[in-house]
Amino acid sequence: MGVVSAASVLNHLLAKKIIPSKLPTDPRSLTSAILSLLRKDDLKRAVSLLFQSTVPVPFSLYSRLFRVCSDRQAILEARKVECHLITFNPTPPTFLLNRAIEAFGKCGCLADAQELFEEMPRRDGGSWNALITAHAQWDRVDKVFRLFLRMGRSGFAATEVSYAGVLRCCGMVREACLARQVHGVVLKCGFGENVILQSSLVDIYGKCGLIEDSRRVFDEMDRPNEVSWNVIVRRYLEAGNAREAIFVFFEMIRKGKCPLNFTVSNVLIACSRVLAAKEGMQIHSYAAKVCLDSDEVVCSSLICLYLKCDELEDAQMVFDQPSAKSVVSWTSMVSGYALTGRIEKARELFDEMPERNIISWNAMLAGYIGCKKWDDVLNFLHRMLSVIEHVDHVTLSLVAKIAAGLGDIVMGKQLHGFVYRLGYSSNLFVANSLLDMYGKCRNFKISRVLFEQMNQSRDSVSWNSFLASYARHGMSEHAMAIFGEMHWETMLSEFTCGTLLAACANTSSLSYGKQIHAFMLRNEYDIDVVVRGAFVDMYSKCRCIDYGLKVFKEAALRDIVLWNSIILGCCYNGKAREALKLYKLMVKDGAKPDKVTMQGLLLACVLEGRVDLGRSLFKSMSKVYSVIPRVEHYELMVRLYSCHGRIDELETFIKTMPFDPTAEMLKMILKACRKRGLLRMEKWASNLLTGLRMKL
DNA sequence: GTAGGGTTAG
């Protein structure tokens with residue numbers, strides 16, 4: 001503290017010395033005094049010195065002052081400089097007034113910029129450009145388009161600068177048709193080689209969803225610069241083509257271009273999307289080489305990558321760097337732990353956070369929701385709402401997810417009212433969440449109304465969720481009908497197909513299912529592990545297990561759900577022996593069985609009469625795979641023993657069960673005992689069953 | 001010395 005105060009006193013004295021009590025009277029010493037203050041980064045003093053002085057200064061100094069005002073977004077100083085300029089120069093040169101317009105624009109004071117422009121005695125092309133740029137910087141789209149037309153009518157030819165402003169606005173409105181027209185005009189004006197305009201075009205096509213056109217413009221560029229590379233990487237990432245984003249990034253490095261921190265960040269996000277840990281690590285070491293590995297933005301993306309790829313130590317290592325500690329990276333850590341199920345660790349970090357914002361709170365809440373620990377979810381939500389000041393659209397959709405998860409339509413309706421009151425009802429993200437919530441709560445009446453209300457704004461997410469709400473509740477005909485309307489308005493995604501396949505499975509519509517399969521193959525859809533699982537499920541439920549097995553065997557990647565689908569599918573289609581064979585393959589593949597797998601396997605044992613295998617599988621459940629046996633598993637064991645006449649073992653098994661036998665078990669036991677004339681046990685089971693029925 | 005890109009966490 002002592003050092004700091006001494007330094008500030010010293011600075012004070014030094015500053016005093018530079019500004020004499022009497023203002024300099026000759027322009028030369030005034031200029032040098034102002035320049036020396038500017039060098040000391042003291043814009044405020046420099047401007048007040050100028051403002052108090054009645055001596056005119058060289059035009060170059062005004063220009064420099066305006067520029068510093070622009071950089072600092074110092075509107076008060078900018079106004080003072082303009083005031084001095086017009087007071088002591090009866091006819092200020094146009095280029096200086098243009099600088100003033102620029103400064104006002106940079107400060108966001110568009111009214112000042114506009115006023116000065118309208119009052120200028122003479123304007124040149126630069127004046128028009130300055131005003132267009134000012135409005136473009138603040139995304140005043142229609143203002144820019146109007147000014148551009150007015151400029152032409154006033155007899156000034158648009159320059160590259162004017163087009164830069166116009167193109168930025170084209171990117172804002174995302175109108176593909178407009179973008180193509182402006183592209184044509186830019187080429188016609190002979191500005192086709194301008195790297196800034198070219199980068200803008202790459203950007204606009206990407207923003208309009210025309211990634212191929214974007215790539216074409218990029219490929220036609222003679223000398224793309226760092227910004228151009230950044231744009232193309234970013235657009236590929238946004239178009240959902242993370243692989244191409246990574247590929248283009250490596251191309252950039254190969255060509256010896258040094259990426260911006262944002263480009264490194266973008267490519268790391270691309271890596272985390274496709275879990276490309278290896279490429280991510282290569283990029284990490286490259287970032288270290290060019291000293292970008294301590295950059296705040298890069299660090300946050302690195303943490304996100306490592307956590308998504310389950311490389312906890314690496315994530316922690318990046319986070320431990322002092323330069324990486326920011327709200328964003330804290331939130332990345334919390335979110336990474338929360339979304340990978342390490343919820344306690346996430347909460348620990350969350351509680352340690354030096355500051356939190358709405359995103360941090362949302363990340364933690366999303367983590368609890370992901371674990372489906374509804375008590376914890378509600379507790380946390382309660383605390384969250386009592387601490388934070390404002391919720392945002394993400395919070396609202398998370399709450400919709402909670403209501404959907406709990407099946408709590410009352411909570412859902414309350415939320416809906418809340419959304420209206422907060423003015424979020426036109427937010428598509430929130431509306432889609434509400435639609436999903438009503439669908440999951442089986443309130444088709446409201447979800448239909450909501451869907452109709454959204455007819456101006458709905459997107460493929462809305463359609464998919466509307467479709468899924470019917471498919472999920474076994475209303476497959478409804479789902480099919482929606483599918484019929486859907487393709488007029490939106491693209492069919494892999495997700496749509498997956499949902500439809502589930503509907504086909506539930507209605508045993510083999511021919512529809514096959515059509516979807518053919519449609520996806522014809523159009524080269526990416527058949528990922530989820531869609532593959534839907535195919536296996538559909539074929540097995542449509543009694544066409546051979547197709548199911550074929551689809552399964554073609555899989556490059558098999559997750560536990562896919563294994564479960566095929567094992568259960570085989571059991572239901574009289575191929576229990578095949579199911580047990582698949583189990584061996586599964587163990588070899590290194591997949592870890594879960595409770596559903598075990599259900600399938602025990603069922604296969606029942607069907608195949610493999611009592612010994614069933615017994616050892618049951619024992620291995622908790623010992624080897626740490627899957628705690630549930631009622632379903634106990635029931636299957638009872639079924640295994642009773643169906644295959646192992647009555648002695650059955651008796652011991654029932655005695656060791658941690659709970660009383662269920663009605664289902666007792667019925668099976670009764671059946672087995674009657675078949676074999678085992679009176680004592682039959683009576684025991686029958687008494688217990690009567691007791692159970694009495695309770696009901 | 002005007003003009004392009006980007007805000008990383010849910």
Side-chain angles (χ1 to χ4, degrees), chain A residues 60 63-64 66-67 70-71 95 98-99 101-103 105-106 124-134 136-137 158-168 170-171 191 194-204 206-207 221 224-235 237-238 259-269 272 295-305 307-308 319 324 326-339 346 350 353 356-370 384 391-398 401 429:
Chain A
S60 62
S63 174
R64 170 125 189 235
F66 278 130
R67 215 181 77 220
S70 291
D71 292 344
F95 87 90
N98 295 350
R99 292 293 92 84
I101 293 177
E102 279 155 24
K106 274 266 163 65
D124 60 8
S127 322
W128 286 95
N129 284 342
L131 193 63
I132 286 179
T133 305
Q137 273 162 352
T159 69
E160 288 142 298
V161 179
S162 342
Y163 279 111
V166 169
L167 284 174
R168 180 187 164 106
C170 289
F191 300 142
N194 182 314
V195 68
I196 290 177
L197 299 187
Q198 286 173 318
S199 304
S200 252
L201 284 164
V202 173
D203 182 46
I204 296 165
K207 278 179 178 160
M221 289 176 78
N225 63 16
E226 298 77 23
V227 174
S228 330
W229 285 99
N230 185 49
V231 175
I232 191 75
V233 168
R234 174 80 196 175
R235 293 297 155 242
L237 176 65
E238 274 173 7
L260 302 169
N261 63 341
F262 291 114
T263 318
V264 177
S265 160
N266 285 327
V267 76
L268 288 171
I269 296 165
S272 59
D295 179 272
E296 200 184 301
V297 177
V298 172
C299 280
S300 296
S301 309
L302 273 171
I303 289 171
C304 177
L305 168 78
L307 288 173
K308 290 240 168 80
F319 183 65
S326 66
V327 201
V328 178
S329 61
W330 270 100
T331 309
S332 294
M333 287 297 281
V334 168
S335 151
Y337 279 122
L339 294 179
F350 179 83
M353 284 179 81
R356 304 175 192 96
N357 59 20
I358 184 67
I359 298 179
S360 331
W361 283 94
N362 286 339
M364 193 63 226
L365 183 64
Y368 278 121
I369 294 173
M384 177 172 172
V391 299
D392 71 355
H393 63 288
V394 179
T395 320
L396 294 171
S397 11
L398 286 172
K401 220 172 177 178
F429 193 67

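In what follows, every chain begins at residue 1, and chains take the letters A, B, ... in the order their sequences are listed.
A:C304 comes within 4.0 angstrom of the backbone, heavy atoms only, and of no base. Contacts of A:L365 with the nucleic acid, taken as non-hydrogen atoms under 4.0 Å apart, are absent. Using a 4.0 Å heavy-atom criterion, one finds that A:D295 contacts no nucleic acid atom at all. No contact: A:S329 has no heavy atom under 4.0 Å from any strand.
OP1 or OP2 of B:dT8 has not a single side-chain nitrogen or oxygen of A:S326 nearer than 4.0 Å.
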For a ring pair (Phe, Tyr, Trp, His ring centres under 6.0 Å) check, start with the C-alpha distance between A:W361 and A:F350, then their side-chain angles and the critical distance, and finish with the verdict.
CA-CA 9 Å; A:W361 283 94; A:F350 179 83; 5.0 Å; yes
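In this structure, A:T331 contributes its side chain and A:V327 its backbone to a donor-acceptor pair below 3.5 Å. The backbone N or O of A:N266 lies less than 3.5 Å from no partner atom in the side chain of A:R234, so there is not a single donor-acceptor pair. Checking side-chain atoms of A:S265 against main-chain N and O of A:S301 turns up no donor-acceptor pair under 3.5 Å.
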For each nucleotide in nucleotides 2-7 of chain B, reading 5' to 3', give B when a protein heavy atom comes within less than 4.0 Å of its base, S when such contact involves only the sugar-phosphate, and - otherwise.
BBBBBS
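Judged purely by distance below 3.5 Å, without hydrogens or angles, the side chains of A:N129 and A:N98 never pair a donor atom with an acceptor atom.
Checking B:dT8, B:dG1, B:dA9 against the side-chain heavy atoms of A:E296 singles out B:dT8 as nearest.
With sequence neighbours excluded, the residues that form a side chain to side chain donor-acceptor pair (under 3.5 Å) with A:R168 are A:D139.
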